[in-house]
Amino acid sequence: MLSRSDGAVPKPRRNWSLTPTAALYHQDIPSCPAVRKGQTPMHSSYLPTSRTPESSQDSSTTESASITHYFWRHPTIQVSSLLADSFSRTYHLEVIQQPERTAEFRNSELSRLPLTPPIIVRLTVRDSSGNYVVPQAELPFLIAHLSLFSGDGLSSLDMGSSIGSNPPLLYGNLVSSIDQLEDLQGDMGLFFIFSDVSLRWRGQFQLGVTVTKISRTDSFGGMGVSDHGVVLAETRTRPFDVLPYSQYTAVPRTRLTNSFIRQGARMLTLISQNI
């Protein structure tokens, strides 16, 4: 509280600029868990302001009678993020956990082993202004699926389904929906997880990851399942090895795999490995 040289306390201005909606209010500074007297609030969303009763003239009385208000300001959202439709958004895929190896299962589907470590792909969505957005209404309609390529990435081998009498090379759960999880830095993100993927024959391969939107908007603005999907983004894994069963050893669980399991992600892992 500033005082004039004559000892009088200046009256506060009436045109306070406060956040319109007050979601958090405290009268006693020490009772607020995020703020202590004499310290700067740890979160920029706390906006402390002091209001002094106009009838108070004594500085000591004014100090004890001052009331501190704390207003919670929601994170800034660009208007373009709220109004932009899906056609103005950009979608980007990044494989943040690469597969390294697995064992061929040949004709023994029941003894197949998954690629290790599990494939984890991050989806980033931005609006036309480059702001990060989470399109909540779209999330149930976004799916990612895998396709198989040769080790040099030049030849497409199959999409995981039988063609004629030839059994597929790629086998397992080849489609994934979105998981909203925290990464190792504590940031929330959108992830596709593939933990049950096997290959029939030995060799070196790459996997393609494609995200498709299977929704449509009706005349009333509602969303439903579309007959035809729209491809939003694609990426590839690095080459990995498929070894003979006798030469295979699983890659130990990674910190990211353990973190996602603790958060409730459904991931197939070997029983012999511990979190």
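- Val231 has its side chain out of reach of Val211: every pair of non-hydrogen atoms, C-beta onward, lies at least 4.5 Å apart.
- Separation of atoms OG (Ser176) and CD1 (Ile143) is listed at 9.5 Å; rounding is to 0.5 Å.
- Two residues are said to be in side-chain contact when any heavy atoms from C-beta on lie closer than 4.5 Å; Met267 and Ile193 meet this criterion.
- Annotation for Leu154 and Ser150: closest pair N-OG, 3.5 Å, computed over non-hydrogen atoms.
- Here Arg126 contributes atom CZ and His92 contributes atom NE2; the two are 9.0 Å apart, rounded to the nearest 0.5 Å.
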Requested in this report: Give the intermediate values and the outcome of side chain to side chain contact (heavy atoms under 4.5 Å, CB included) for residues Leu148 and Leu199.
Outcome: CA-CA 10 Å; Leu148 188 65; Leu199 283 99; 3.6 Å; yes
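- No donor-acceptor distance shorter than 3.5 angstrom exists from the side chain of Ser259 to the backbone of Leu184, with no hydrogens or angles considered.
- The CG atom of Leu93 sits 8.5 Å away from atom OG1 of Thr124, with the distance rounded to the nearest 0.5 Å.
- Separating the OG atom in Ser177 from the CG atom in Leu142 is a distance of 10.0 Å, to the nearest 0.5 Å.
- In this structure, the side chains of Leu174 and His145 stay at 4.5 Å or more apart for every pair of heavy atoms.
- In summary, the side chains of Gln97 and Thr257 do present a donor paired with an acceptor at a separation below 3.5 Å, with no hydrogens or angles considered.
- Using a 4.5 Å cut-off between side-chain heavy atoms of Ile, Leu, Val, Met, Phe, Trp and Tyr, with links allowed through other members, Trp201 and Leu170 fall into the same hydrophobic cluster.
- Side-chain N or O atoms of Thr237 include none that pairs as donor or acceptor with a backbone N or O of Gln98 at under 3.5 Å.
- Taking the side chain as every heavy atom from C-beta outward, Phe205 and Leu157 approach each other to under 4.5 Å.
- Salt-bridge annotation for Arg112 and Glu104: absent, with no side-chain N of the basic residue lying under 4.0 Å from a carboxylate O of the acidic one.
- Proximity of Thr249 to Leu243: side-chain heavy atoms (C-beta onward) are nowhere separated by under 4.5 Å.
- By the side-chain hydrogen bond (donor to acceptor under 3.5 Å, both in side chains) test, Ser111 pairs with no residue at all, sequence neighbours left out.
- The two atoms that bring Pro135 and Val133 nearest to each other are CD-O, 3.7 Å, heavy atoms only.
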Query - ring-ring contact (aromatic ring centres under 6.0 Å, His included) evaluation trace for Phe105 with Tyr245 - result: CA-CA 7 Å; Phe105 66 89; Tyr245 196 92; over 10 Å; no
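- The side-chain heavy atoms of Val134 and Val125, taken from C-beta on, include no pair separated by under 4.5 Å.
- The closest side-chain donor-acceptor pair between Thr116 and Tyr248 falls under 3.5 angstrom.
- Nearest heavy-atom pair across Leu190 and Gln180 is CD2-CG, 3.6 Å.
- Looking at every heavy atom in both residues, Pro114 comes nearest to Ser195 through CB-O, 3.4 Å.
- Atom CG of Asp196 is separated from atom CG of Asn173 by 6.0 Å, given to the nearest 0.5 angstrom.
- Neither Tyr91 nor Met188 shares a network with the other; the hydrophobic side chains, linked directly or stepwise wherever heavy atoms of I, L, V, M, F, W or Y lie under 4.5 Å apart, form separate groups for each.
- Salt bridge absent: Asp241 and Arg202 never bring a charged side-chain N and a carboxylate O closer than 4.0 Å.
- To the nearest 0.5 Å, atoms OH (Tyr132) and CG (Asp187) are separated by 9.0 Å.
- In this structure Glu109 satisfies the salt bridge (Lys or Arg N to Asp or Glu O under 4.0 Å) test together with Arg200, sequence neighbours excluded.
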Query - Steps toward salt bridge (charged side-chain N to carboxylate O under 4.0 Å, His left out) verdict (Glu100, Arg238) - result: CA-CA 8 Å; Glu100 294 185 23; Arg238 292 197 292 260; over 6 Å; no
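- Phe240 is not connected to Phe149 by any chain of hydrophobic side-chain contacts under 4.5 Å among Ile, Leu, Val, Met, Phe, Trp and Tyr, and they are in different clusters.
- Across every non-hydrogen atom of Gln206 and Gly153, the tightest pair is NE2-N, 3.5 Å.
- In terms of heavy-atom proximity, Phe191 sits nearest to Leu181 at CE1-O, 3.3 Å.
- Side-chain contact between Ile261 and Gln263 is absent, with no heavy atoms from C-beta onward closer than 4.5 Å.
- A donor-acceptor contact shorter than 3.5 Å is absent between the side chain of Thr212 and the backbone of Gly229.
- No side-chain heavy atom of Ile120 sits less than 4.5 Å from a side-chain heavy atom of Phe194.
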